[in-house]
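Okay, so here's the structure we're looking at.
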Amino acid sequence: MGEAPAFLFDDLLKGSDNGVDFVYKDRETTTIVGKAKYVIGDYDDSALSIGVKVFNDSLGMWVYPTVLGTKPNLSSDLWTLPLGEDRVLMIKNGAITDDNLWFLEVDTPFVRQQKKILGSSNVVAWSKGVMGYAGKPIVISGPSGVGKGTLINKLMIEFPSMFGFSVSHTTRAPREKEVNGIHYHFTERAVMEKEIKDGKFLEFASVHGNLYGTSIESVEVVADAGKRCILDIDVQGAKAVRASSLDAIFIFISPPSCEDLEKRLRSRGTETEEQIQKRLRNAKGELDEGKSPGLFDHILVNDDLEACYKTLKNLLGLHESADNTNQSVRKKIGLPQVNSVSKVGSKIYLNSANADIGNASMNSFVLDVSSRKGGAPGRTRGLDLYPVYPFGGLANGFSKLS
Ligand SMILES: Nc1ncnc2c1ncn2[C@@H]1O[C@H](COP(=O)(O)OP(=O)(O)OP(=O)(O)O)[C@@H](O)[C@H]1O
Ligand SMILES: Nc1nc2c(ncn2[C@@H]2O[C@H](COP(=O)(O)O)[C@@H](O)[C@H]2O)c(=O)[nH]1
């Protein structure tokens, strides 16, 4: 039996409180967070996605912020409400299950970090809400040739529906068997630099003379597929991600010796002698940095490949060999057409116009955001949505996420 809502059903039907705003015909909602007023809607006829503008009190004018992350598609039937001091929750009425809950982050650690990078105080970021948890993203780092890619491939082959690879961008030339969009997004330096300036990257670094980076989209694409994201990035990138709001597990792969590392780089046969020397020189610094306190959660020595893979699986909690341990427990329930929204603590009560007091179980929903995790970049996980009877209690057959 669930917890009784701490209010009367009539309050729900009255709707708007706690800063909740609804749009149907006016085409935009207004939500006040702190001292700023955020207007969300489809006020721009030429746009394909939902627009955001902010009333800046100190300037006394409207500003159009840089909007990061995948933007929600247009909808003129929206609810918005503030969630704390750092984000706005947006509910798209009648949208498909995976597109109905969105968070506009206005002052989260990620947004603050991006404001610094972009040198602008007008930055916001969208993050799509998903039910349940997919496991935390995994950052795998270590010197070139240590076997990161080999270990990641083994995971992806054994657990294809659980893991997704974050496809990085790079300015280096493709190797013989590398495919654009699968191994990397191969790109021109000028294009990548422009995209970095536009705030499209979670992290980027100059590695062995080329530019490499993880775009926000590459992490989001994996999260959207309900998979756990694996990032293969260098130590500088790992540091940047550690400093970001991406809640990840950080694993450093170390070689048994520098001689073994050299042998592996040579046996791979993908680099020129000059490039091998450069990678080996850089490896020394990376091996020292790998030991930096607080940076990596786990350090694995990749001596015997099978033994190292087994240790990796154990620390990721993958004791079974079949791909049947999908940690994503996303519940797929659709929302009714919501006609009133009310917020009590971290629970948002959603009611349909068709609510029939006698049989309202499927018309009254609680969206519980108390176990919310993650956020931009990526997705906001850990949401729970369950139908309730108007005077308390969970509807039959549903359990709360715990
Ligand atoms: N434990 C191991 N023992 C021997 N060889 C290994 C081991 N692990 C990986 N290798 C081999 O070492 C070479 C380099 O491995 P891999 O390409 O996976 O390294 P990497 O860390 O991904 O390198 P980069 O950072 O340059 O992409 C490959 O030829 C691979 O087959
Ligand atoms: N900081 C980042 N480092 C990255 C990214 N993608 C890959 N890498 C690292 O670069 C080196 C070299 O890779 P290679 O494919 O040229 O051998 C290696 O250490 C990778 O981990 C990234 O997006 N960001």
Side-chain angles (χ1 to χ4, degrees), residues 137-157 165-180 182-187 192 195-196 200-219 222 229-244 246 248 250-272 274-287 289-290 295-296 300-312 377:
I138 303 156
V139 172
I140 299 202
S141 204
S144 176
V146 74
K148 303 179 297 291
T150 308
L151 288 162
I152 292 169
N153 271 343
K154 284 173 82 63
L155 273 181
M156 306 273 291
I157 288 168
F165 186 61
S166 154
V167 180
S168 293
H169 282 60
T170 183
T171 59
R172 86 149 160 74
R175 292 176 188 145
E176 205 176 85
K177 290 191 179 145
E178 285 180 331
V179 180
N180 191 28
I182 295 195
H183 298 97
Y184 279 106
H185 298 290
F186 295 100
T187 179
M192 190 162 163
E195 290 181 345
I196 289 170
K200 297 206 169 139
F201 281 81
L202 165 61
E203 65 78 31
F204 57 91
S206 174
V207 189
H208 317 312
N210 282 298
L211 204 50
Y212 291 76
T214 309
S215 71
I216 293 169
E217 193 184 348
S218 65
V219 176
V222 177
C229 186
I230 305 183
L231 290 82
D232 173 348
I233 58 177
D234 86 319
V235 177
Q236 307 168 72
K239 274 189 186 164
V241 177
R242 183 57 109 177
S244 82
L246 195 78
F250 292 76
I251 300 172
F252 187 80
I253 312 289
S254 181
S257 68
C258 291
E259 291 71 35
D260 281 291
L261 186 67
E262 183 165 353
K263 261 192 233 155
R264 287 180 197 177
L265 262 183
R266 289 189 188 289
S267 71
R268 190 169 71 183
T270 49
E271 270 72 35
T272 62
E274 194 190 342
Q275 285 162 346
I276 290 175
Q277 291 306 332
K278 188 182 259 181
R279 285 176 183 236
L280 290 173
R281 275 196 305 276
N282 292 341
K284 297 204 166 54
E286 289 185 279
L287 288 169
E289 289 204 80
L295 179 52
F296 290 98
L300 303 188
V301 178
N302 182 17
D303 189 350
D304 176 73
L305 179 61
E306 288 312 316
C308 183
Y309 181 56
K310 195 169 172 218
T311 313
L312 177 63

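Counting convention: from 1, in listed order, for ligands and their atoms alike. Nothing fancy with the numbering, it's 1 onward along the sequence.
Within the 4.0 Å heavy-atom criterion, the part of Pro143 lying near ligand 1 is the backbone and not the side chain. Neither the backbone nor the side chain of Leu151 has a heavy atom within less than 4.0 Å of ligand 1.
Defined by atom type and a distance below 3.5 Å, a donor-acceptor pair is present between the side-chain atoms of Arg268 and Thr270. For the residue pair Ser257 / Asp260, a side-chain donor-acceptor distance below 3.5 Å is found, with atom types taken as modelled. Side-chain polar atoms of His185 and Asn180 form no donor-acceptor pair below 3.5 angstrom.
Considering backbone and side-chain atoms alike, Gly147 places an N or O below 3.5 Å from some N or O of ligand 1. Note: no N/O pair closer than 3.5 Å links His169 and ligand 2 by distance alone. Distances between N or O atoms of Arg175 and those of ligand 1 include no value under 3.5 Å. Polar contact check, Ser168 against ligand 2: a nitrogen or oxygen pair lies under 3.5 Å apart. Not a single N or O atom of Phe204, backbone or side chain, sits closer than 3.5 Å to an N or O atom of ligand 2. Annotation: Ser144 places no N or O atom under 3.5 Å from an N or O atom of ligand 2; distance criterion only. Residue Arg279 has at least one N or O atom closer than 3.5 Å to an N or O atom of ligand 2. Checked against a 3.5 angstrom limit, the closest N/O atoms of His208 and ligand 2 fall outside it. Checking only distances, Gly145 does come within under 3.5 Å of ligand 1, N or O to N or O.
Under a 3.5 Å cut-off, the side chain of Ser168 and the backbone N or O of Thr214 do not form any donor-acceptor pair. Of the possible polar contacts, none joining the Arg172 side chain to the Asn210 backbone as a donor-acceptor pair under 3.5 Å is found.
Note on ligand 2: Gln236 sits outside its first shell, no heavy atom being nearer than 4.0 Å. Heavy atoms of Asp234 come nearer than 4.0 angstrom to ligand 1 in no pair at all. Residue contact annotation: Arg175 has a non-hydrogen atom under 4.0 Å from ligand 2. Not a single heavy atom of Glu271 sits under 4.0 Å from any atom of ligand 1. Ligand 2 lies out of reach of His183, whose nearest heavy atom is not under 4.0 Å from it.
Of the protein's heavy atoms, Asp234 N, 3.0 Å lies nearest to atom 3 (N) of ligand 2. Among all non-hydrogen protein atoms, the one lying nearest atom 30 (C) of ligand 1 is Thr150 OG1, 3.6 Å. In terms of protein heavy-atom proximity, atom 19 (O) of ligand 2 is closest to Lys148 NZ, 3.6 Å. Remark: minimum distance from atom 22 (O) of ligand 1 to any protein heavy atom is reached at Gly149 N, 2.8 Å. Remark: minimum distance from atom 20 (C) of ligand 2 to any protein heavy atom is reached at Asp232 OD1, 3.6 Å. Nearest protein heavy-atom neighbour of atom 13 (O) of ligand 2: Tyr184 OH, 3.3 Å. Nearest protein neighbour of atom 24 (P) of ligand 1, counting heavy atoms only, is Arg268 NH1, 3.4 Å. Given atom 11 (C) of ligand 2, the protein heavy atom at minimum distance is Val207 CG1, 3.8 Å.
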Worksheet item: What's the verdict on ring pair (Phe, Tyr, Trp, His ring centres under 6.0 Å) for His169 and Phe186, showing C-alpha distance, side-chain angles and the deciding distance?
Response: CA-CA 6 Å; His169 282 60; Phe186 295 100; 9.9 Å; no

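Considering Arg264, His208, Arg266, Lys148 only, the shortest heavy-atom separation from atom 11 (C) of ligand 1 involves Arg264.
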